[in-house]
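For clarity, every value in this text was computed on a predicted model and none was experimentally measured. Labels below follow one simple rule: chain letters A, B, ... track the order of the sequence lines, proteins then strands, and each chain is numbered from 1.
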There are 2 protein chains.
Amino acid sequence: MRPLFHPALEDIRPEAILYALSDPERAAIYAQLAGAAGGGTCSALGQLGDRVIPKSSLSNHFKVLRESGLILSERQGVEMRNQTRFAELDERFPGLIKAILIAYGQIPEQPKAG
Amino acid sequence: MRPLFHPALEDIRPEAILYALSDPERAAIYAQLAGAAGGGTCSALGQLGDRVIPKSSLSNHFKVLRESGLILSERQGVEMRNQTRFAELDERFPGLIKAILIAYGQIPEQPKAG
DNA sequence: TCCGTAGTTCAGAAATTCGGAACTGTTGAT
DNA sequence: ATCAACAGTTCCGAATTTCTGAACTACGGA
């Protein structure tokens with residue numbers, strides 16, 4: 001298996017982020033990861049609502065998320081642990097990811113501070 | 001010519017917004033419109049950098065922007081005036097569009113209030 | 001070694017995008 | 001009224017991308 005490619009923070013392109021999250025299935029996967037503490041595996045996230053995502057499609061979704069810079073994947077034994085790169089990304093593109101998750105209704109809207 | 005379709009505010013989908021702006025050419029067009037006071041025409045925005053966008057492609061870009069809910073187009077004489085629906089959209093998806101424009105470097109990063 | 005599980009790669013079908021050419025709709029001139 | 005010029009749309013074929021079942025690779029346990 002080819003080693004997994006992860007872009008360096010400075011190589012992450014906004015168009016890749018938007019493209020990756022413009023697919024509701026991928027956005028839902030990402031949102032799950034953003035919520036899950038441990039780092040989700042592919043199979044754990046393979047069922048969204050009533051549809052079972054075929055595993056080749058799922059693998060591709062993770063690849064798109066990974067190569068866009070949204071997530072970090074590393075093999076751990078027989079499975080793959082995935083976690084978001086939220087903190088890094090929020091530094092590079094302030095407010096972007098949070099605004100997207102809010103737009104999708106995956107996290108409640110933030111009240112203004114103060 | 002078919003009448004131009006514009007989605008109602010409540011029908012606008014985040015995936016459509018992200019998809020529309022995941023194309024750097026469309027994002028640049030949108031950013032120009034967001035900056036231009038008057039409402040830009042297709043031909044006025046048909047040249048970005050060194051590339052001349054073919055007019056059928058340009059027409060399609062505007063269609064995608066329009067049908068995603070990002071812009072409002074209306075015929076004015078022989079040409080088409082386009083303007084953003086920024087205010088509306090910002091109400092529906094708070095912070096989203098601004099964060100995207102910032103990510104693309106099209107507007108300077110906003111300082112935190114206070 | 002052999003088996004089961006997790007995920008990747010391959011390959012062909014289906015869907016999408018791109019853009020040149022033809023077309024529509026509007027204005028202004030004769 | 002007719003014509004020409006112009007802005008933008010639609011059509012359609014070529015190229016690209018996406019989707020997913022099937023085959024495959026990688027790891028761990030017995």
Side-chain angles (χ1 to χ4, degrees), chain A residues 1-6 13 15-16 18-30 32-33 36 38-68 70-83, chain B residues 1-6 13 15-16 18-30 32-33 36 38-68 70-83:
Chain A
M1 201 183 321
R2 282 169 213 149
L4 302 177
F5 173 73
H6 293 87
R13 316 258 22 157
E15 56 266 39
L18 298 187
Y19 173 75
L21 295 180
S22 73
D23 180 321
E25 227 161 54
R26 273 195 297 266
I29 290 170
Y30 180 83
Q32 290 279 318
L33 281 180
T41 65
C42 293
S43 52
L45 300 173
Q47 191 146 5
L48 296 167
D50 51 356
R51 167 168 146 83
V52 178
I53 304 173
K55 61 181 187 167
S56 57
S57 303
L58 202 50
S59 179
N60 189 56
H61 283 330
F62 277 95
K63 183 183 179 191
V64 172
L65 290 170
R66 185 166 56 239
E67 299 193 346
S68 72
L70 279 161
I71 67 172
L72 199 76
S73 311
E74 57 186 335
R75 182 147 218 161
Q76 212 150 68
V78 76
E79 62 195 12
M80 198 69 88
R81 313 301 300 191
N82 296 286
Q83 56 186 301
Chain B
M1 201 184 324
R2 283 169 210 146
L4 302 178
F5 172 73
H6 293 88
R13 317 258 17 156
E15 57 266 39
L18 297 188
Y19 173 75
L21 295 179
S22 72
D23 180 319
E25 228 160 52
R26 274 194 297 267
I29 290 170
Y30 180 83
Q32 290 279 318
L33 281 180
T41 65
C42 292
S43 53
L45 300 173
Q47 191 145 5
L48 296 167
D50 50 356
R51 166 167 146 83
V52 178
I53 305 174
K55 61 182 186 166
S56 58
S57 303
L58 203 49
S59 179
N60 189 56
H61 283 330
F62 277 94
K63 183 184 179 192
V64 172
L65 290 170
R66 184 165 58 238
E67 299 192 346
S68 72
L70 278 162
I71 68 172
L72 200 76
S73 311
E74 58 186 332
R75 182 149 218 161
Q76 212 151 67
V78 76
E79 63 196 10
M80 196 69 85
R81 312 303 298 191
N82 297 285
Q83 57 186 300

K.L.:
I'd like to check the side chain to side chain contact (heavy atoms under 4.5 Å, CB included) partners of S73(A); sequence neighbours left out, ordered by chain and number.
P.N.:
L4(A), H6(A), R66(A), I71(A), M80(A), N82(A)
K.L.:
Compare the minimum distances between each of dT9(D), dG8(D), dA6(C) and the side chain of L4(B), then state the nucleotide with the smallest one.
P.N.:
dT9(D)
K.L.:
Within this structure, what is the CG-to-C1' distance between L65(B) and dG8(D), rounded to whole angstrom?
P.N.:
15 Å
K.L.:
Rounded to the nearest 0.5 Å, what's the gap from CZ on F62(A) to OG1 on T41(A)? Could you check?
P.N.:
7.5 Å
K.L.:
Between K63(B) and N60(B), is any pair of side-chain heavy atoms under 4.5 Å apart?
P.N.:
yes
K.L.:
5'-most contact on DNA chain D: A44(B) or Q76(A), nearest heavy atom basis?
P.N.:
A44(B)
K.L.:
Listed by chain and number, what are the salt bridge (Lys or Arg N to Asp or Glu O under 4.0 Å) partners of E67(B), not counting sequence neighbours?
P.N.:
none
K.L.:
Whole angstrom is fine here: how far is it from CE in M80(B) over to P in dT27(C)?
P.N.:
13 Å
K.L.:
Mind listing the N/O atom pairs, protein and nucleotides 1-6 of chain D, below 3.5 Å?
P.N.:
none

K.L.:
Would you kindly give the CZ-to-P distance between R66(B) and dG8(D), to the nearest whole Å?
P.N.:
11 Å
K.L.:
Partners of E74(A) by salt bridge (Lys or Arg N to Asp or Glu O under 4.0 Å), sequence neighbours excluded?
P.N.:
none
K.L.:
Could you check how far CD of E67(B) sits from P of dT16(C), rounded to whole Å?
P.N.:
14 Å
K.L.:
Would you mind reporting whether R26(A) and Y19(A) have side-chain heavy atoms less than 4.5 Å apart?
P.N.:
yes
K.L.:
In whole Å, what is the span from the CD atom of E79(B) to the P atom of dG28(C)?
P.N.:
12 Å
K.L.:
Please list residues of residues 51-61 of chain A whose heavy atoms come under 4.0 Å from any atom in DNA chain D, ordered by number; otherwise none.
P.N.:
R51(A), P54(A), S56(A), S57(A)
K.L.:
Report yes if the side chains of L65(A) and L21(A) come closer than 4.5 Å at any heavy-atom pair, otherwise no.
P.N.:
yes
K.L.:
Expressed as a whole number of angstroms, how long is the span from F62(A):CZ to dA6(C):P?
P.N.:
13 Å
K.L.:
Using atom CZ of R75(B) as one end and atom P of dT27(C) as the other, report the distance to the nearest whole Å.
P.N.:
8 Å
K.L.:
As an exercise, state the distance from CZ of R13(B) to OG of S68(B), rounded to the nearest 0.5 Å.
P.N.:
12.5 Å
